[in-house]
Structure formats: structure tokens, C-alpha cells
Amino acid sequence: MPETRFNRLEQARLEKAEVLRGLGQGPYGLRFDPSHRHAELQRLHADLANGQERDEQVAVAGRVMTRRVMGKLAFFTLLDETGPIQLFIEKATLAAALPDQPEAFTQLTTLVDAGDWIGVSGSLRRTDRGELSVKVSAWQMLTKALQPLPDKWHGLADVEKRYRQRYLDLVVSPGTRETFRRRALLVSGIRRWLDERQFLEIETPVLNAEAGGADARPFTTHHNTLDLPLVLRIATELHLKRLVVGGFERVYELGRIFRNEGVSTRHNPEFTTVEIYQAYADYTDMMALTEELIAAVCQQVCGTTAIEYQGTAIDLTPPWRRATMHELVEQATGLDFNGFSSRGQAAAAMAAAGLEVPESADCVGRLLNEAFEQRVEDTLVQPTFVTDYPVEISPLARAHRSKPGLVERFELFIVGRETANAFSELIDPIDQRRRLEAQQERRAAGDLEAHGVDEDFLHALEVGMPPTGGLGIGIDRLAMLLTDSPSIRDVIAFPLLRPEAAPPVG
RNA sequence: GGGUCGCUAGCUCAGCGGUAGAGCACUCGGCUUUUAACCGAUUGGUCCUGAGUUCGAAUCUCAGGCGACCCA
């Protein structure tokens, strides 16, 4: 006996598809013109009273989510992108409307399963229980689904299945649909806000000979005909700065970047950032821009700037708290890093205060950052601009105008997560070369995340870049915040997972 | 990389050494105001994979796979 690849549930649906073929309409329709969607119907007929009908013909389409058949009357719930529409399906109504199809009611109630896409037309009726419904006088199959829907009450609870089969998650989880709707509003809102302020979005290459603009390991790939090793970008920074050199005073790019790093609730190997560069501005301007931009899109997406994230109230109403890294570390640990003149001195003080002192933190600035990460980061729940970073961990930021050893940089923290990073950009090509060469030495010493020296970028700086403020915002983390999502995988439609089946053993 | 937990019917889950179960879904019958419809009947299994212990393994042990969370 030949083994079928369909189980009995699928087989039953295939048999119904055959019946539909026999009826001349088949399991897959061509086109259909819906006159309304759920949201419009609800708005236009809000005044229809319970038990009343309105003789206006409408056509609606969607996926059948639930079926309740009782003899000669049936209720289906049809789901379109904007919401559910109840179908009021009466045998007598269909028989009167379709005198040449006496079996129309039976066909509709037996050949249509939950999960199928159908289109119907009819008039309007609000049921005695108050549900606005389409009283069906004609129907057609648009797509016969072969797979059954998950449990109509519990939905899809298996998180692995929700990520692997996101299409199913979207079908049965209104919350998932809302998350990705909000993410789309967030992205389009950012673009609109920037476009209205004369920022130009210019796309820069994903494939590069050298990874630059961030501390991260890249994905490597290869161009066949050029026989060229290439890496996927880890940031858009160095190309956008070249555009500023070229004379674009306000540029940005919102797009995907790739970092060959671990996967966690806050990290996905490919993620989305927007980087924004504004000539003649500095990091204080970028702070104001960050506040205004995020507050504006939050207002658009959530309808308020006072939101809740995982049970904690977060107020994104500007202005936001500003504090230097030194101040925050001193408040949290009692250690004044301005007073340390050597690594040894700082390390001893940290150890005495009970902080870990990793070998890799080889200078006072890196130790300061360690202390910050160990004791401060998690505590920055409300939006906080942390300013004035050590030069050693900021190779692309301009030296601070008044604080030796520091740079004009801020990072924005919200719910303990780095959400944005900005500088007064380093535009001095001599200083920039020195900084990148120091990075190169770290890389030679084994730091796989250290920057390389991008000679063409240095050449661009020699051509001359105006004083510029630059800003990068993590879109995924912002999306988590605005959708109250605990994991980055909840805001990425198709997060990276290992293939389900182990590869065949050779 | 380490720790904890999970993987059983299409879905949601129970069973934890002695015949593989429930609810929903499916199929059949009934039902003209339901919305987790209801009532009755039937059907449905690679208990993640492999090895071991045992008279006997979904259950215990070991190894592996995939995932979640926490830590690094």
C-alpha cells in the first residue's frame, strides 16, 4: 500500500477540493472584489440596532476562523486584516437568492472548513445578540486550506512553532498581528519624521571588503566572479559619513545589519538600525533629535508617550534624564574614576568595591565601562542619556571639547538596554587614523571585534567632512519597547533558528 | 560555553514502570440567533531520535536533536 504524504485531516480537505472541482468552481478562486473590510463595516453600521437588517449589498472576504452550524442556520466568523466579520448564513435566504443552486447552504456548510479563504456577498443584519453580520446570499471558495487551524481557544502556545511557522502564529494570534502592525508604523513613522525634516535616505552597501563602524564580528561571504572575499556590514556608519563628505548635509539609512554573534532575547544575528547624520550639529543636537523622534513615533504608534513595558511604567515624554558615565558610576559604586591615573589603581579600587576586573579591560577607560555595565546599566529603566565616554571604547567619536580622555558621545538606555548611540563625529583624519591603528593593534592581539583600518574612509576624511552629529537607533529594541515584547524574536517576523531536522548523516 | 525546564493525536494538555488518555478539531447524525454554540456517536499515535536497565519503558539511565528561560 503506497504511503500517502497527507494525514486523514488533509485527506478530508482534499476530498472537499475534489467536490468543489466537480461543482465547477474548484478549490482556488481567481479574483474577488471586497466592498468593505471589518473596520469599515463596523464604522458605517454602528447605528444598526439589534435584530435589525439593512438592505445594502456588501461583499467581504477573509479566512474562516470558526463555524457554528445548527440545522438550517449557521454562523461563520470571517477574519480579514482589520478584524472579524460574522456571517449569518440562513438556508432559506440562500435558497431564495440562488434558486438554481438548491444545495448552496449544504455546500457552504460542508465544503468550507476553518482555515479556508472565502468571499461572500449579502446584506447586513445585526443579530439579536448584537453582532453585526453579513447575511449571506452568495459565496465562493477563494482558497481551500489543506491544513487544519490550531486550537481555536488556546491558539498556538508552542513558542518554537510560533517562530518556525510565523504564518500560523499570525493567523491565530491577534497580538502577534498587532506587534508587526506597530513595528510597521514605527518604521514608517521614523522615515516620515526624518523625511519631513529634509533628511535623505541613501542606501549603502551591505557587501563590503572590510567591516567597520562598530565592534563586532562580521559574517563572511565570497563573490565568485571577482573571486573576492566579502563581509556583510556590521554598521552603516562609514558609508553614511562618506555621503556627508560628499555634501549631503542630512542623510540616514534605515536597514538591516548583520553581526556574527550569539542569539538571545536581546540579540538576533540580523537586526535593523537607523543611522542619522546631520552636518553642523553635535551630540547635544542629536540628543534633542533622539528625544523628539522617539517621543513622536511613540505617540503615533501607542497614542501616548507614557507607556508600560512588562509591567513597568516608562515615561518617554521629553526631556529625558542626562548624566555622565562618571557620575553614574560614582553614584552606584562610590568610585571616582576621574581620580585614577593608572589601570592598576582603578583595578584595585574596583576589586575593593567588589566589582569584577576582567583581564581584557586593559585601561582605565575600559574599567570605567566595566563598572558601568556591572552596576549601572540595569538600573537605567527610565530613558537616560549617558554621556561622555572614554576615548578607548569610542574610536569614531570626537574628543571632548573640555574633558581630556573623553569623547562627545552618548548612549540612550531604556529598561536597562542600550537603545541608541551617538557622537559628535570624529572628523580629524589624523586623529582618526591614530584611533583606528590602535584598534588594529587590538585586533592583531586577538580581539576579533576590533575595528580595522579603512583607508578609503580615512581618505574621505582628508577630503574634508564638516562638523557632524551622528546617531544610531536600534529599531528592534525600540519595537520591543513599543509593543511590550519581552524577546527580540517577538518583533522579528522570522527570527533565526536552527533547522528543525538534523542534516542527513553521510 | 554552563545551568534549569520542555518535546505525547492536527492544536492545547494529562499520564511518570504494567492495555496510550482528555478537551477542541476531523467524520457521521440532530438542531433557525450562535459567538470556546450545544447534544449523541465514531475516528485519529514515529509518546523528538538512538542506545541501555527491566519480564515489561511514554515513564528510569546515558548519548544526541530542537526550543525556552537564566547565567557567562
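Below, chains carry the letters A, B, ... as their sequence lines are ordered, and counting in each starts from 1.
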### A:Leu149 or A:Asp128, whichever maps to the more 5' nucleotide of RNA chain B
A:Leu149
### Query
Counting side-chain heavy atoms from C-beta on, which of B:U35, B:C11, B:A37 comes nearest to A:Thr66?
B:A37
### Summary
d(A:Ile488 CD1, A:Asp476 CG) to nearest 0.5 Å is 4.0 Å
### Query
Counting any heavy atom closer than 4.0 Å, what does A:Gly155 reach on the DNA or RNA strands: base, sugar-phosphate only, or nothing?
sugar-phosphate
### Query
Between A:Val171 and A:Tyr167, is any pair of side-chain heavy atoms under 4.5 Å apart?
no
#### Entry: Carboxylate-amine/guanidinium contact A:Glu210 A:Arg443, below 4.0 Å
yes
### Query
Reckon A:Arg67 has a side-chain N or O less than 4.0 Å from the OP1 or OP2 of B:C26?
yes
#### Entry: Distance between P atoms of B:C47 and B:G10 (Å, rounded)
12 Å
#### Entry: Pairwise P distance for B:U19 and B:G56, with rounding to whole Å
15 Å
### Nearest-angstrom distance from the residue atom CZ of A:Arg164 to P of B:G10
18 Å
### Query
How far, in whole Å, is B:G45 from B:G15 if one measures between their C1' atoms?
14 Å
## Note on the structure
Of the candidates B:A68, B:G10, B:U12, the side chain of A:Asn7 sits closest to B:G10
### Query
Touch check for A:Arg498, heavy atoms < 4.0 angstrom, all strands: base, sugar-phosphate only, or nothing?
sugar-phosphate
#### Entry: Euclidean distance for C1', B:G17 against B:A68 (whole angstrom)
29 Å
## Note on the structure
Checking B:G67, B:U32, B:U33 against the side chain of A:Lys72 (C-beta onward), the nearest is B:U32
#### Entry: Ion pair A:Arg162/A:Glu160, N-O distance below 4.0 Å
no
### Query
Given B:A68, B:C26, B:U33, which nucleotide is nearest the side-chain atoms of A:Tyr163?
B:A68
Output one line per pair: protein atom, nucleotide atom from nucleotides 20-24 of chain B, and distance, for all N/O pairs under 3.5 Å.
from, atom 1, to, atom 2, distance (Å)
B:G23, N2, A:Asp151, OD2, 2.8

### Message
Under 4.0 Å, counting only non-hydrogen atoms across every strand here, what does A:Lys91 touch: a base, just sugar-phosphate, or nothing?
### Response
nothing
### Task
Please determine, for the side chain of A:Pro148, which listed nucleotide (B:G10, B:C11, B:U33) has the closest atom?
B:G10
### Whole-Å distance separating the CD atom of A:Glu261 from the P atom of B:G1
15 Å
### Pairing partner of B:C26 (Watson-Crick or G-U wobble, both distances under 3.5 Å)
none
### Query
Taking any strand in view, what nucleotide pairs with B:G1 in a Watson-Crick or G-U wobble way, both distances under 3.5 Å?
B:C71
### Task
Check each of A:Glu40, A:Arg54, A:Arg125, A:Gln52 against A:His45 using the side chain to side chain donor-acceptor pair (under 3.5 Å) test, and report the only one that passes.
A:Arg54
### Message
Tell me which nucleotide, if any, is Watson-Crick or G-U wobble paired with B:A37 when both distances must be under 3.5 Å.
### Response
none
### Query
Can the ring centroids of A:Phe372 and A:Phe337 be said to lie less than 6.0 angstrom from one another?
no
## Note on the structure
To the nearest angstrom, the CG-P distance between A:Leu87 and B:U33 comes to 18 Å
### Message
Would you say CD of A:Gln310 has more than 12 non-hydrogen atoms from neighbouring residues, nucleotides or ligands within 6.0 angstrom?
### Response
yes
### Message
Nearest whole Å is fine: how far is B:G30 P from A:Leu73 CG?
### Response
16 Å
### Query
Using a cut-off of 4.0 Å on non-hydrogen atoms, how would the nucleic acid contact of A:Val172 be classed: base, sugar-phosphate, or nothing?
nothing
### Message
Would you say A:Glu10 and A:Gln147 are linked by a side-chain donor-acceptor pair, where the criterion is simply a distance under 3.5 Å?
### Response
yes
### Query
Think A:Arg489 has a side-chain N or O under 4.0 angstrom from the OP1 or OP2 of B:A68?
yes
### Nearest-nucleotide pick for A:Leu156, side chain only, options being B:G6, B:U12, B:U33
B:U12
### Query
Do the side-chain N and O atoms of A:Asp490 and A:Tyr163 include a donor-acceptor pair separated by under 3.5 angstrom?
yes
### Query
Counting side-chain heavy atoms from C-beta on, which of B:U33, B:U12, B:U27 comes nearest to A:Lys16?
B:U27
### Message
How about CG on A:Asp47, more than 12 heavy atoms from neighbouring residues, nucleotides or ligands closer than 6.0 Å, or not?
### Response
yes
### Proximity to the side chain of A:Ala157 - top-ranked nucleotide from B:U33, B:A68, B:C13
B:C13
#### Entry: 5′-ward residue of the pair A:Thr77/A:Leu497 relative to RNA chain B
A:Thr77
### Message
If I pick the C1' atom on B:C71 and the same atom on B:A57, what distance separates them, to the nearest angstrom?
### Response
35 Å
### Message
Taking B:G6 as the reference, what is the distance to B:U43 when you measure between their P atoms (whole Å, please)?
### Response
33 Å
### Query
What is the distance, rounded to the nearest whole Å, between atom NE2 of A:His267 and atom P of B:A68?
15 Å
#### Entry: Gap between atoms CG and C1', on A:Leu79 and B:A36 respectively (whole Å)
16 Å
### Query
Whom does B:U46 pair with, Watson-Crick or G-U wobble, provided both distances fall under 3.5 Å?
none
## Note on the structure
Separation of B:A25 atom C1' from A:Leu146 atom CG, nearest Å, is 16 Å
### Query
For B:U59, what is the paired nucleotide under Watson-Crick or G-U wobble rules, both distances under 3.5 Å?
none
#### Entry: Nucleotide B:A25, atom P - distance to CZ of A:Phe76 in whole Å
13 Å
### Pairwise C1' distance, B:U42 and B:A25 [rounded to whole Å]
14 Å
### Query
Of all residues at least two apart in sequence or in a different chain, which pass the side chain to side chain donor-acceptor pair (under 3.5 Å) check with A:Arg126?
none
#### Entry: B:G18 and B:C60, which share atom name C1', separated by this distance in whole Å
14 Å
### Summary
Against the side chain of A:Arg8, the closest entry in B:U33, B:U12, B:U43 is B:U43
#### Entry: Pair assignment for B:G21, Watson-Crick or G-U wobble, requiring both distances under 3.5 Å
B:C13
